[in-house]
Asker: 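Sending over a structure as structure tokens; questions will come in a sec.
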Amino acid sequence: MKMKRVFSGIQPTGILTLGNYLGAMKQWVALQETHDCFYCVVNLHAMTVMPDAEELRENTLSVAAMLVAAGLDPDKVTLFVQSDVAEHAELGWLLQCMATFGELSRMTQFKEKSREKEVITGGLFSYPALMAADILLYNTHLVPVGEDQRQHLELTRDIAQRFNNRYGGLFTLPEPFIPEVGGRIMSLDDPEKKMSKSNPNPNSYIGLLDPPDTIRQKIMRAVTDSGREIYYDPENKGAVSNLLTIYSLCSGKTIEALEKDYEGRGYGEFKKDLAEVVVECLKPIQARYNELKESGNINEILKKGAGKARAVAAPMMDKVRELMGLKV
Ligand code: ATP
Ligand code: MG
């Protein structure tokens with residue numbers, strides 16, 4: 001039986017966070033056993049915020065190394081860099097021409113990201129069309145992402161359907177794969193905002209490479225809610241509920257069990273234990289990451305991955321050109 005196809009991407013915009021790990025990467029690793037997975041370091045998406053060239057290069061390699069350290073097996077999955085497969089940019093342009101200004105204007109991620117920036121590029125606005133191209137090029141069935149990407153995935157489906165109606169049914173309609181718990185890990189300094197690797201305040205996130213003492217400091221400093229009880233109630237106790245979610249996912253204990261464990265105990269004790277749980281969860285990933293950085297065969301893995309990705313993307317792009325009347 002042919003395995004179902006999975007595609008997902010991650011931007012090399014900084015050091016990966018616990019939000020990326022719990023919301024996306026953990027699922028990427030689990031799916032590699034049962035699906036045909038394509039995972040992409042989406043450096044063309046990072047261009048939307050005009051990164052420094054040297055920094056981008058370094059971040060691209062370290063994100064790829066981090067994915068392998070987190071458990072991706074390069075022999076099982078296709079791991080590659082977006083700009084190594086030119087078809088992404090080509091299809092991205094064509095789909096930009098099929099997405100409407102109204103649709104792109106409604107993307108909450110654009111609204112949020114553009115609010116914080118002095119310079120807003122055209123690329124930041126149209127980036128969901130490039131994301132649609134990433135996914136559709138591979139006949140993707142399933143897209144494991146965090147909750148923040150749900151809207152972009154709906155747009156991807158709309159664009160695919162529009163293309164199929166107009167030019168003939170070429171694209172598979174992808175489904176989102178979003179974890180019920182952990183799909184949206186919140187910022188440590190503001191439980192209203194999602195944890196993000198591009199947040200300029202490092203105390204807002206746990207970096208996957210943060211040393212144990214930094215993790216302890218950040219968690220002890222994390223905001224909490226009024227009252228001193230520890231229970232799950234995202235509406236009224238956003239900060240504590242977020243910490244409980246992190247605790248549960250990193251320890252494997254259920255949230256109910258944790259609520260029981262911490263009945264009658266204060267935030268201080270809870271946070272101290274949580275810090276140790278996170279430190280232990282990241283320890284093996286950090287050790288593998290350091291090994292990989294030294295052994296330095298990430299470039300090789302990515303080169304092989306690009307070849308495998310191109311073998312799928314190129315014939316797909318050829319069909320698109322044909323259907324759209326671009327071949328004369
Ligand atoms: P940036 O701020 O540059 O957008 P990011 O942390 O949002 O960085 P992305 O590269 O945009 O990271 O996203 C990679 C994957 O991680 C996506 O599937 C996204 O949904 C997921 N993700 C990002 N942040 C969180 C979070 N706080 N909780 C759960 N999943 C998340
Ligand atoms: Mg993001």
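What you see is a predicted model, and the numbers here were worked out from it, not measured in a lab.
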Asker: Please report the shortest heavy-atom distance between A65 and Y289, naming the atom on each side.
Answerer: CB-CE1, 3.7 Å
Asker: Whether E175 and K4 form a salt bridge (side-chain N of Lys/Arg under 4.0 Å from carboxylate O of Asp/Glu) is what I want to check.
Answerer: no
Asker: Do L258 and M186 share a hydrophobic cluster (ILVMFWY, side-chain heavy atoms under 4.5 Å, transitive)?
Answerer: no
Asker: Without hydrogens or angle criteria, can the side chains of N199 and S204 be said to hold a donor-acceptor pair below 3.5 Å?
Answerer: yes
Asker: So does I15 have more than 12 non-hydrogen atoms from other groups sitting under 6.0 Å from CD1?
Answerer: no
Asker: Test your reading of the model: is there a side-chain donor-acceptor pair from R310 to the backbone of E87, 3.5 Å cut-off?
Answerer: no
Asker: Once the angle between the rings of Y127 and H45 is folded into 0 to 90°, is it parallel (under 30°), tilted (30 to 60°) or perpendicular (over 60°)?
Answerer: perpendicular
Asker: Does any N or O in the side chain of Q286 come within less than 3.5 Å of the main-chain N or O of L208, such that one atom is a donor and the other an acceptor?
Answerer: yes
Asker: Going by distance alone, is a donor N or O of one side chain under 3.5 Å from an acceptor N or O of the other, for T13 and K197?
Answerer: yes
Asker: Y231 ring centre to K237 NZ or CZ under 6.0 Å, with the angle to the axis within 45°?
Answerer: yes
Asker: With a 6.0 Å cut-off on the ring centroids, do F177 and H35 count as close?
Answerer: no
Asker: Show your reasoning for whether side-chain contact (heavy atoms from CB on, under 4.5 Å) applies to M66 and L292.
Answerer: CA-CA 9 Å; M66 195 47 108; L292 276 162; over 6 Å; no
Asker: State whether the number of non-hydrogen atoms from other residues, nucleotides or ligands found under 6.0 Å of K319 atom NZ is greater than 12.
Answerer: no
Asker: Please check if atom NZ in K293 has more than 12 non-hydrogen atoms from other residues, nucleotides or ligands closer than 6.0 Å.
Answerer: yes
Asker: Classify the angle between the aromatic ring planes of F125 and F101 as parallel (below 30°), tilted (30 to 60°) or perpendicular (above 60°).
Answerer: tilted
Asker: Which of parallel (below 30°), tilted (30 to 60°) and perpendicular (above 60°) describes Y262 and F270?
Answerer: perpendicular
Asker: Could you check, using the six-membered ring where one of them is a Trp, whether F110 and H152 have ring centers closer than 6.0 angstrom?
Answerer: no
Asker: Assess the residue pair T156 and I159 against the criterion (side-chain contact (heavy atoms from CB on, under 4.5 Å)); give the C-alpha distance rounded to whole Å, side-chain angles, the decisive distance to 0.1 Å, and a yes or no.
Answerer: CA-CA 5 Å; T156 300; I159 295 174; 6.0 Å; no
